[in-house]
**Q** 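One structure, as structure tokens, below. Some questions next.
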Amino acid sequence: MIPSLYKITPAVNLRAIRTDRFKNAQLSISFILPADRELSPLTTLLFSVLRRGTEQYPTIKDLNYALDMQYGASLSYRNSFFGDCQVIGFVLETLGKRYLPAGEQTDPLESGLHLIEQMMFHPLKDEQGILRRDIVESEIKNTCDDIRAQVNDARSYAHMRLRECMCADEPYGASLVGKVDQIASFTPKMLTEHHKTLLQSARIECFYVGSDDPERVAVLLGKLFAHAPAQQAPMPRTHILPPPAQMRRVTEDMPVAQGKLEIGFRTGITPDHPDAIAQSVFNEIFGGTSVSRLFMNLREKHSLCYHCYSAAVAHKGLLHVSCGILPQNQQMAEKEIFAQLEHMQTKLVSKQELAMAQKSLINVLRQCTDSPAALQSYWFGRQVFYGSTITPEQCIARVKAVTAQDVMRAARAVVPDTVYFLNGTLSAEEVQDE
Amino acid sequence: MSDHIISRRVLRNARLGERYTELLHSSGLRIFVYPKKCSTIYAVLEVGLGSMDSEYLDAQGNEQTMPEGTAHYLEHKMFENEDGVNSDLKFSARGADANAFTSYDRTAYLFNCTSGLRACLSELLRFVTHPYFTEESVERERGIIAEEIRGAADHPWERAYSQLMKAMYKTHTVRNEIAGSERSIAGVTPELLYRCTDTFYIPSNMSLAVCGDVTPAEILRVVNECIPPEYQPPRFVRKTFDEDAHVVNERAISYMPVPKPVFYIGLKDTDISPDPAKRIHKDACMTLLFELIFSMSGKLCSELYEKGVISYGLYYGYSICERVATGTVSGESEDPEAVFAALLSYIEELKANGIPREDFERCRRVEYGNFVSELDSPENIVNMLLSFADDGSEMLSYAQLMESVTYEQVTEYLHRCFIKENMCLSVVYPEDMQE
């Protein structure tokens, strides 16, 4: 089922899938912005401030209490990259009305939207109309704490550092959260101005999956965005860069026992590329599953690691390999990863491997229709960024048509860009003795 | 009966439009079939062997022990087969995605697929009941598991949790690390793994649950093809531990290169009824209490947040089964002692003034919503179903149970369980705070 498109205002779109299959409904409201070293952290901080309190719900307790009373409706915040774009906003999940206890008259969707309206348009301000200083300062402190805490998870920290090093000159290499010094310099006035600009210039994309009539959802969103700008901001562009002439290397130390090896590649293959599906098949065979070449060789054959996988960042035409290893095994792991890639670039994959990869992707695609979140994650990027109407069934047909030659072509598009190694400086004995 | 089924019952929740069938196979295998119109089929075969079973009594009543991490090591090795083809490959050849995990009280083997159910289910039942270990393959796994252990040891949260359990319990095997340590897994051998499968991997110590567009008849057909109908009685007795109600240490402290202290607060609960109906009722009351005390919609957490003592919400949860009951709360704070003190004084305030009625109603709604939300996911359904069934209760009745829990019952548990001496604060401080 292809989502239907509703034009709420010139700047706001709704895409909706009506279905009675689920007990939950999901509605997302996303601002599509160009990722930017200066502005993205400001936007991220602004959203933290907006959810601290509103005119009608002045404390974080009031806001959460109101959600809880809607039978545990959840309002989460999305903030991620799609290529060189920042996608930031709200995701509201509510129970469908017919699954509320007998006799309950409340409407979780409408109540949830009312909360979003309060946060977006009526955050707490002082007498001068400036976002409240105490709240801004407290969120600056929280954000700085979060940034410092990134090192607590060495694996995701290493992946973040690869992105920052490899894409240092691209919006995708920016930090959406920002850096400590930068955040500390933001003021309530800057945030207040940014709030106004954002509401006047953003491109807003909404997505709904649930049992409510989309016309009704459109009317509710129409009320919410009554004052939205008359013009839609253009879709920010994503830049696809060629690989560097020479592979780059970055090594950083951290006092942990396990080193993290992250290798970034450029493929230039985005979701609208003719080889996009072949690239997915390639990735399944290379490092996408627990029977992939990386898994079978680095883990099962050489016992080098527990986790080892590859994943594509399709919207940006990138791919990366990630594994956790003893620091002294870095060279061996790297050699093995490149050998596996070279093998796939020079020799056709076997029929059996190809068939397994195709079946695995088909299994994933068939499951895309099994929850509101899965439907949304299948369609959101495809529709908003590429205007694609290719259904999971059509995608499956394309997966089936991929040949070993296609996989080799996709493998040849994979060119190394940066090897990032987070070198663990703690010996295993030190860890045991603690 | 010709289909080797000893008992059969259908469980329903008409209001939510949900039902499933529970069957007892003559081998002792319990089977749960939960029909759901969706593309995904999710199946779990779980074995009643977890990290807590590292000490048990054998059929003769003799005390037996195995190295910490054995159940988890075994889980890794079960995928290997005599024909040299790893079961992962066999699932992949059918487009299915297989996995496994070990917890305190069980080992679960699972797959999801959208076609080829019969072959996948048959493979699941076959490989979990046909162990095959060699010196060479057991040896090769040691390096892999060592990396898994090292990866976890670098995590401050894992450290804080692990030291919390050791501080709360004196002898209970819930103190053990699920994956063990590099030292303990050095003692794992093929002989030991075979002893484990001989003792624990028998159908009467297993449960199978399948959710998706399936019928009990088709699941039963595959079970009958793969599992011999003869009943084998369990060859072990689970060990019970006589733990004091109070925690061993009220503090557990360590230091790591973290920018800000990471903490866990634990609640040790030894007041565990032998009656499953009483345990599930307590589960509902305590879950509600944890929501009431620790959620951002409550007074404690929102005030700590607005004062800047914590920088985001707390993670919290309570779980109970026949052998152990624990509640945990975790977060990050410059001053975990202040969080703990605020918690203790808030509990005293609740005990003295009573739980606010509106908070009780809020939490009842949240728990109802949380439960119903889970029913969109075959994976969550199967996991929930098994965790209720493992403890002798039934999942679909939980929604009604939540609705029937009273204010007075919850108040009683507040007084009975939230006692300072049963609580422990575990903190991983930044290294520069070490004197």
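Note that the structure is predicted; figures quoted are calculated from it, not measured. Reminder, nothing fancy here: chain letters follow the sequence lines and each chain counts from 1.
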**Q** Side chain, backbone, both or neither: which part of B/K307 has a non-hydrogen atom closer than 4.5 Å to chain A?
**A**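 It is neither, since no heavy atom gets under 4.5 Å.
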
**Q** Compare every heavy atom of A/R52 with every heavy atom of B/E306, then report the nearest pair and how far apart it is.
**A**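 Smallest interatomic distance, heavy atoms only, reads CG-NH2, 3.7 Å.
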
**Q** Taking 4.0 angstrom as the limit, do A/R299 and B/E148 come out as a salt bridge?
**A**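 No salt bridge links A/R299 with B/E148.
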
**Q** Sort B/A96 into side chain, backbone, both or neither according to what part of it lies under 4.5 angstrom from a heavy atom of chain A.
**A**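 Backbone of B/A96 only, per the 4.5 Å heavy-atom cut-off to chain A.
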
**Q** Taking side chain as everything from C-beta outward and backbone as N, CA, C, O, which of these in B/S92 sits under 4.5 Å from a heavy atom of chain A? Side chain, backbone, both or neither.
**A**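 Both backbone and side chain of B/S92 come within 4.5 Å of chain A.
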
**Q** Can you check whether A/V151 reaches B/P257 side chain to side chain, under 4.5 Å on heavy atoms?
**A**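 Contact flag for A/V151/B/P257 side chains = no.
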
**Q** For the backbone of A/V291 and the side chain of B/D88, can you confirm whether one donor and one acceptor N or O come within less than 3.5 Å of each other?
**A**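 Such a contact is absent between B/D88 side chain and A/V291 backbone.
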
**Q** Under a 3.5 Å distance rule, please check whether B/D376 uses its side chain to pair with a backbone N or O of A/K23 as donor and acceptor.
**A**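 Yes; judged by distance alone, with no hydrogens or angles, the pair exists.
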
**Q** Report yes if the side chains of B/M256 and A/N152 come closer than 4.5 Å at any heavy-atom pair, otherwise no.
**A**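 When only atoms from C-beta onward are counted, A/N152 and B/M256 do not touch, as no gap falls below 4.5 Å.
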
**Q** Please classify the contact of B/E18 with chain A as side chain, backbone, both or neither, using a heavy-atom distance under 4.5 Å.
**A**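 Contact with chain A: side chain only.
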
**Q** Just to verify, what does B/Y161 make a ring-ring contact (aromatic ring centres under 6.0 Å, His included) with, not counting sequence neighbours?
**A**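 Once residues adjacent in sequence are excluded, the partners of B/Y161 under the ring-ring contact (aromatic ring centres under 6.0 Å, His included) criterion are B/Y264.
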
**Q** Should B/Y312 and A/D146 count as side-chain neighbours, where that means a heavy-atom distance under 4.5 Å?
**A**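 Yes. Closest side-chain heavy atoms under 4.5 Å.
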
**Q** Establish, from distance only, whether the side-chain atoms of B/N112 and A/N363 form a donor-acceptor pair under 3.5 Å.
**A**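 Distance-only check passes for B/N112 and A/N363.
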
**Q** Flag the pair A/R366 / B/T40 as yes when at least one side-chain heavy-atom distance between them is below 4.5 Å, and no otherwise.
**A**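 Contact flag for A/R366/B/T40 side chains = no.
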
**Q** Within the distance-only criterion (no hydrogens, no angle test), does the side chain of A/D370 pair as donor or acceptor with the backbone N or O of B/S39 below 3.5 angstrom?
**A**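 Indeed, once roles are kept as given, a pair shorter than 3.5 Å links the two residues.
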
**Q** Can you tell me how far apart CZ (B/F91) and NZ (A/K359) are? Round to the nearest 0.5 Å.
**A**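 One gets 14.0 Å once the value is rounded to the nearest 0.5 Å.
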
**Q** Whether the side chain of B/R364 engages the backbone of A/Y71 through a donor-acceptor N/O pair (distance < 3.5 Å, no angle test) should be reported.
**A**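 No, the answer is negative, given that no donor and acceptor are paired below the 3.5 Å cut-off.
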
**Q** Would a 4.5 Å heavy-atom cut-off, applied to side chains only, mark B/E332 and A/R148 as touching?
**A**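 Contact flag for B/E332/A/R148 side chains = no.
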
**Q** Taking side chain as everything from C-beta outward and backbone as N, CA, C, O, which of these in B/S295 sits under 4.5 Å from a heavy atom of chain A? Side chain, backbone, both or neither.
**A**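 For B/S295, side-chain heavy atoms alone lie under 4.5 Å from chain A.
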
**Q** Can you name the nearest heavy-atom pair linking A/E300 to B/N86, along with the distance?
**A**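 Where A/E300 meets B/N86 most closely, the heavy atoms are OE1-ND2, 4.2 Å.
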
**Q** How long is the span from the OG1 atom in A/T59 to the CD atom in B/E303, to the nearest 0.5 Å?
**A**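 So the gap between those two atoms works out to 9.5 Å.
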
**Q** Does the A/D68 side chain pair with the main chain of B/V366, one donor and one acceptor, at a distance under 3.5 Å?
**A**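 No: the side chain of A/D68 does not pair with the backbone of B/V366.
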
**Q** Using non-hydrogen atoms only, which part of B/S373 is less than 4.5 Å away from chain A: side chain, backbone, both, or neither?
**A**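 It is both, since atoms from each part get that close.
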
**Q** Given heavy-atom pairs under 4.5 angstrom as the criterion, report whether the side chain, backbone, both or neither of B/N99 touches chain A.
**A**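 Nothing of B/N99, per the 4.5 Å heavy-atom cut-off to chain A.
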
**Q** Applying side chain to side chain contact (heavy atoms under 4.5 Å, CB included), name anything that partners A/R98, two or more places apart in sequence or on another chain.
**A**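 Side chain to side chain contact (heavy atoms under 4.5 Å, CB included) check on A/R98 returns A/D20.
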
**Q** Test your reading of the model: is there a side-chain donor-acceptor pair from B/D154 to the backbone of A/Q258, 3.5 Å cut-off?
**A**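 Yes: the side chain of B/D154 pairs with the backbone of A/Q258.
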
**Q** Heavy-atom distance under 4.5 Å between the side chains of A/Y65 and B/E358, does that happen here?
**A**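 Contact flag for A/Y65/B/E358 side chains = yes.
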
